[in-house]
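Order of listing sets the numbers, starting from 1, for every ligand and every atom in it.
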Amino acid sequence: MAFELPKLNYAHDALEPHIDAKTMEIHHGKHHAGYTSKLNAAIEGTDLEGKSIEEILQNLDLSNGAVRNNGGGFYNHRLFWEVMSPDGGGNPSGDLAKAIDDAFGSFDKFKEKFSNAAATQFGSGWAWLCVHQGGSLEVCSTPNQDNPIMPNVGCAGTPILGIDVWEHAYYLNYQNKRPDYIEAFFNVINWDKVSELYKANK
Ligand code: MN3
């Protein structure tokens with residue numbers, strides 16, 4: 001069973017003005033679709049065929065560039081669409097809010113740390129909020145399409161929130177102003193989904 005491009009749960013223009021429709025259309029319909037088809041081509045006929053994306057990435061040989069880049073791209077964008085919503089923004093609540101306070105001191109301190117990780121990731125990559133077994137949280141970033149479930153990428157745990165800081169994620173609307181895009185991202189974060197992922201993976 002080949003991997004399929006996941007459907008968006010909202011329209012391309014639903015995240016405006018924070019993320020524009022054209023960016024969403026190209027990002028999902030071209031970039032994510034490209035990672036998906038190239039991942040399928042890279043695993044076809046190998047012993048990775050038929051495995052879950054988590055299983056593939058957790059046991060990844062980092063020298064396998066095609067699977068690293070396209071498998072990472074498939075997984076990362078699938079998470080990205082899910083953790084955004086037109087009804088998003090605001091603050092987390094419940095267990096996740098408490099875990100954020102425990103790890104970072106306050107929501108504002110978390111926001112500062114996450115935003116800084118996203119802003120200072122040199123070139124293309126992602127910033128993450130990850131949960132470790134036991135429920136503790138960590139903020140980190142990875143280059144290109146790497147992600148924390150891959151072995152030895154300098155960042156660990158299960159990602160429950162991620163922001164794409166490749167220029168294709170924001171350049172049409174924000175040009176070189178990555179910090180403005182990061183600030184706007186906070187208006188569309190689907191904290192209900194992030195909480196659900198926190199509970200499922202802690
Ligand atoms: Mn992208």
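In this structure, a donor-acceptor pair under 3.5 Å is present between the side chains of His27 and His77. When only modelled atom types and interatomic distance are considered, Gln145 and Trp126 share a side-chain donor-acceptor pair under 3.5 Å.
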Verdict with supporting geometry, Ile160 and Val83, side-chain contact (heavy atoms from CB on, under 4.5 Å): CA-CA 8 Å; Ile160 58 174; Val83 297; over 6 Å; no
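For the Mn ion (ligand 1), the tally of protein N/O/S atoms lying closer than 2.8 Å stands at 4.
Applying the salt bridge (charged side-chain N to carboxylate O under 4.0 Å, His left out) rule to Asp95 yields the partners Lys202; only residues at least two apart in sequence or on another chain are considered. For Glu167, there are no salt bridge (charged side-chain N to carboxylate O under 4.0 Å, His left out) partners, not counting sequence neighbours.
Screening residues 84-122 for ring-ring contact (aromatic ring centres under 6.0 Å, His included), with sequence neighbours left out, gives Phe104-Phe110, Phe107-Phe110, Phe107-Trp191, Phe110-Phe114, Phe114-Phe186.
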